[in-house]
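In this text the structure is predicted, and so the values were computed from the model without any measurement.
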Number of protein chains: 2
Amino acid sequence: MVSTMKIRQLTFRLLQVYADVVRTGSITATANRLHLTQPTVSQQLKRLREIVGEPIVRQEKGRIVPTEVGQALYQLSQDLLSRADVFSQYLEEYNRGGRGHFSIGLVNTAQYVLPRLLGPFSQANPQVDVTVEIGNRQQMLNRFERHEDDIYVFSHPPSDDDVLAAPFLSNPLVVVGPEKCHWANVKDLSMEALKDERFLLREPGSATRHTFDAWLYSAGIELTSTQQIASNEAIRLAVASNMGLAVLSRYVVADSPKGVQELTLTGFPLKSRWHFVVRRERRLPPAAYRFLSFAEGSLTQAFDEPEGSLAVAELLEALKGAR
Amino acid sequence: MVSTMKIRQLTFRLLQVYADVVRTGSITATANRLHLTQPTVSQQLKRLREIVGEPIVRQEKGRIVPTEVGQALYQLSQDLLSRADVFSQYLEEYNRGGRGHFSIGLVNTAQYVLPRLLGPFSQANPQVDVTVEIGNRQQMLNRFERHEDDIYVFSHPPSDDDVLAAPFLSNPLVVVGPEKCHWANVKDLSMEALKDERFLLREPGSATRHTFDAWLYSAGIELTSTQQIASNEAIRLAVASNMGLAVLSRYVVADSPKGVQELTLTGFPLKSRWHFVVRRERRLPPAAYRFLSFAEGSLTQAFDEPEGSLAVAELLEALKGAR
DNA sequence: AGACACCATAGGTATTTATCTATGACTGTA
DNA sequence: TACAGTCATAGATAAATACCTATGGTGTCT
């Protein structure tokens, strides 16, 4: 006898129509407002009544007024509809990229420059929450393989099939020595002259190392003494402690130049560039898309030597199709 | 491009299914739990995704996990479903009569006795809110005609076609005089002896008046002096002030006997009864039904001379059909 | 490497829904 | 009392929904 509401059949459409009927107090009026015919609205009400299992409106002096149950139902409708609406707005915001989350994976060196983009972006999009993953090249490649992040920053983009990469900033690699290094005063210094110095190098997988190695090879130079150190920071400190020289991203040095200085060398800085890397296949969260778009627009303000803002624009274009 | 959710097609059923999928992390599991097949659930998810316009789940290590949007949707689902559930519970409570509202219309005399039923009822059903309307017979008849209340209490039920009436309490009409009335000491007092006293009477429409008039008529007695006063209270006060005698419900006197006393008269008290009156056609609010049912059960405790508890039971039975 | 879960898709069907037009009943006002 | 307006009901239909069975792909675990 006491049957609860048949909630399975309840539609938001029904609630919409019902709420409007209660508001207007007229079936005909609602029909007009919602571009339906009067019998349609009548029938919707009937169906809703059946779902609820209880009369929800009655006629009183020509107006439609909700019964007691009807009033409760009206409140419910308002409540549910407005909540759904909030969600809908969230969705819109999400799609616009102004809200949501994305993650970006950086190789170590890039961590020195990305904040200049991420900072202003977060400022401008407080509702977007960004996860920044940092690791050496190999670690990032692993994450990339597992599709763990939305955007990556590499110097040498992996060559996967569906990879899209756009250079956005040049990453000059410079030779650094300790603060009071006598090489600093030598004119027309060349690498040849330094080849017997001890060089502190990143691990072979890293882009910095790879670029340097390749350059040495093409220049036909072989270093006599090297030492491998896993982090840029550690290398910088080691150089400051007179443990040797190193090749580092200029941004690493610029960031905290204490105890080290850049040496001016013929042929240096070595050219290298950071790329935004995304998978063509992956449906980028709108927030991630928005970030790339933001980055493209602010490269010139954020950096002295931006590079490839056009390439980023192209990447965005390529992604648009996949949305 | 940025299309909001197609809310019109959103069903609570879909949300139910979706919420369960998120909870179990498995489409198959949900299918089993909800007694559906796996493809059915798959398809529901797909439909929901189309409504939302955005992927809501993805597979991750064999488990189904919600996307960012999916998580928001899940929260929404929980929220909406639980709210609908609260309403459903309200409905149940309402149907059980333990919650809600009804109104009861009383003729004046009945106001002295109904509190003995309404009090305990409200105590037992704090969520039920009762409107008590009080007026003279004519006023109540008007309200009755306009279907303004759910239950009425009359001594003489109106004879409408779809009226259902059940006597529930005898309403003895007694002759009252002032506190130090010499008639009080007379043995075997008869109305005949009092016929030259001044009688203070209610208006002709009232049941008390009508019963008394009828009795006088059948006894062949004609009063020599009468005065019409519209309220029982006023009559009682007038009697206490030695303005005359009166015929009143014993309950009126019992309620506040100051300054008056009941006279023992042959043939008195006159018999009369209060009736619960409802319209057969009217769908009684469950709370009203519950009140009648409560009344039926507590007549014996509430009153010394209950009457017609059986008739009330019958009335309830008759109403059951119309529910 | 297979076997096994698990999910997606295709294809099918009975039911339900969302609408409409036409029409009849009721009601308040002129 | 007649008219105008409002609502309910009936009857019809195209579309959508809620399911199902069968089957094939894919990732997981042993």
Side-chain angles (χ1 to χ4, degrees), chain A residues 5-53 55-67 70 145-148 281 283, chain B residues 5-53 55-67 70 145-148 162 281-283:
Chain A
M5 179 172 58
K6 291 173 189 155
I7 197 177
R8 297 161 47 129
Q9 311 181 41
L10 194 52
T11 306
F12 279 80
R13 177 57 167 172
L14 282 180
L15 296 181
Q16 277 180 337
V17 173
Y18 174 65
D20 198 83
V21 169
V22 173
R23 262 181 249 118
T24 61
S26 153
I27 289 180
T28 305
T30 291
N32 293 332
R33 289 160 54 101
L34 305 187
H35 307 295
L36 298 169
T37 61
Q38 169 265 312
T40 299
V41 176
S42 275
Q43 217 219 104
Q44 301 281 53
L45 278 187
K46 189 177 175 186
R47 210 160 79 72
L48 187 54
R49 174 174 71 223
E50 278 156 13
I51 289 171
V52 172
I56 52 179
V57 292
R58 65 166 175 279
Q59 242 170 305
E60 202 163 83
K61 296 213 218 96
R63 282 182 67 76
I64 301 287
V65 297
T67 62
E145 280 315 314
R146 295 195 210 104
H147 297 61
E148 293 190 311
E281 161 267 340
R283 233 187 76 92
Chain B
M5 179 171 58
K6 290 174 190 156
I7 197 177
R8 296 162 47 127
Q9 311 181 41
L10 194 53
T11 306
F12 279 80
R13 177 57 164 172
L14 283 180
L15 296 181
Q16 276 181 337
V17 172
Y18 175 65
D20 198 84
V21 169
V22 173
R23 260 181 250 118
T24 61
S26 154
I27 289 180
T28 305
T30 291
N32 293 333
R33 289 160 54 101
L34 304 188
H35 308 295
L36 298 169
T37 60
Q38 169 265 312
T40 298
V41 176
S42 275
Q43 216 214 117
Q44 303 280 52
L45 278 188
K46 189 177 175 186
R47 211 160 76 74
L48 187 55
R49 175 174 69 222
E50 277 157 11
I51 288 170
V52 172
I56 52 180
V57 293
R58 64 167 176 278
Q59 240 170 306
E60 200 162 85
K61 295 212 221 98
R63 282 183 66 77
I64 301 286
V65 298
T67 61
E145 280 315 315
R146 294 195 212 105
H147 296 62
E148 294 191 310
D162 70 355
E281 162 267 340
R282 187 189 187 90
R283 234 188 75 93

[X]: partners by side chain to side chain contact (heavy atoms under 4.5 Å, CB included), with sequence neighbours left out:
{"X": "H35(B)", "value": "none"}
{"X": "Q59(A)", "value": "I64(A)"}
{"X": "E145(A)", "value": "D160(A)"}
{"X": "P39(A)", "value": "T37(A)"}

Non-hydrogen side-chain atoms of L34(B) and V41(B) separated by less than 4.5 Å: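 The answer is no; the side chains never approach within 4.5 Å.
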Donor-acceptor under 3.5 Å (T24(B) side chain, A29(B) main chain):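 No.
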Please enumerate all protein N or O atoms sitting under 3.5 Å from an N or O of nucleotides 26-30 of chain C, with distances to 0.1 Å.
none

Distance check needed: [N] [atom2] versus [X] [atom1], whole Å only.
{"X": "R47(B)", "N": "dT17(C)", "atom1": "CZ", "atom2": "C1'", "value": "11 Å"}
{"X": "R58(B)", "N": "dC7(C)", "atom1": "CZ", "atom2": "P", "value": "15 Å"}
{"X": "L48(A)", "N": "dA18(C)", "atom1": "CG", "atom2": "P", "value": "11 Å"}

Interface residues of residues 32-45 of chain B with DNA chain D (non-hydrogen, below 4.0 angstrom):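 The stretch gives H35(B), L36(B), T37(B), P39(B), T40(B), Q43(B), Q44(B) as the residues lying under 4.0 Å from the strand, ordered by number.
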Nucleic acid contacts - residues 10-29 of chain A versus DNA chain D, non-hydrogen atoms under 4.0 Å: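 Under 4.0 Å from DNA chain D: S26(A), I27(A), T28(A).
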First-last contacting nucleotides on DNA chain D - partner chain A, under 4.0 angstrom, heavy atom: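 So the contact region on DNA chain D extends dT6(D) to dC19(D).
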Nearest-nucleotide comparison on DNA chain D, the residue closer to the 5′ end among K46(A) and R8(A):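 Closest to the 5' end, via its nearest nucleotide, is K46(A).
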Under 3.5 Å, sequence neighbours excluded: what are the donor-acceptor pairs made by side chains of residues 8-21 of chain B?
residue, atom, partner, partner atom, Å
T11(B), OG1, Q9(B), O, 3.4
R13(B), NH1, Q16(B), OE1, 3.4
Y18(B), OH, G70(B), O, 2.8
D20(B), OD1, R33(B), NE, 3.1
D20(B), OD1, R33(B), NH2, 2.8
D20(B), OD2, T30(B), OG1, 2.9
D20(B), OD2, R33(B), NE, 3.0

Over all atoms of both residues, closest heavy-atom pair of V22(A) and P66(A):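 That would be CG1-CG, 4.1 Å.
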Net bend of the helix from dA1(C)-dT30(D) to dA30(C)-dT1(D), end axes of five pairs each, nearest 10 degrees: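 The helix from dA1(C)-dT30(D) to dA30(C)-dT1(D) shows an end-to-end axis angle of 40°.
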Pairs meeting criterion salt bridge (charged side-chain N to carboxylate O under 4.0 Å, His left out) with involvement of residues 41-53 of chain A, two or more places apart: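 Applying salt bridge (charged side-chain N to carboxylate O under 4.0 Å, His left out) to every pair that reaches into residues 41-53 of chain A, excluding sequence neighbours, yields nothing.
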Set of residues satisfying salt bridge (Lys or Arg N to Asp or Glu O under 4.0 Å) with respect to R58(B), sequence neighbours excluded: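 Only E60(B) meet the salt bridge (Lys or Arg N to Asp or Glu O under 4.0 Å) criterion with R58(B).
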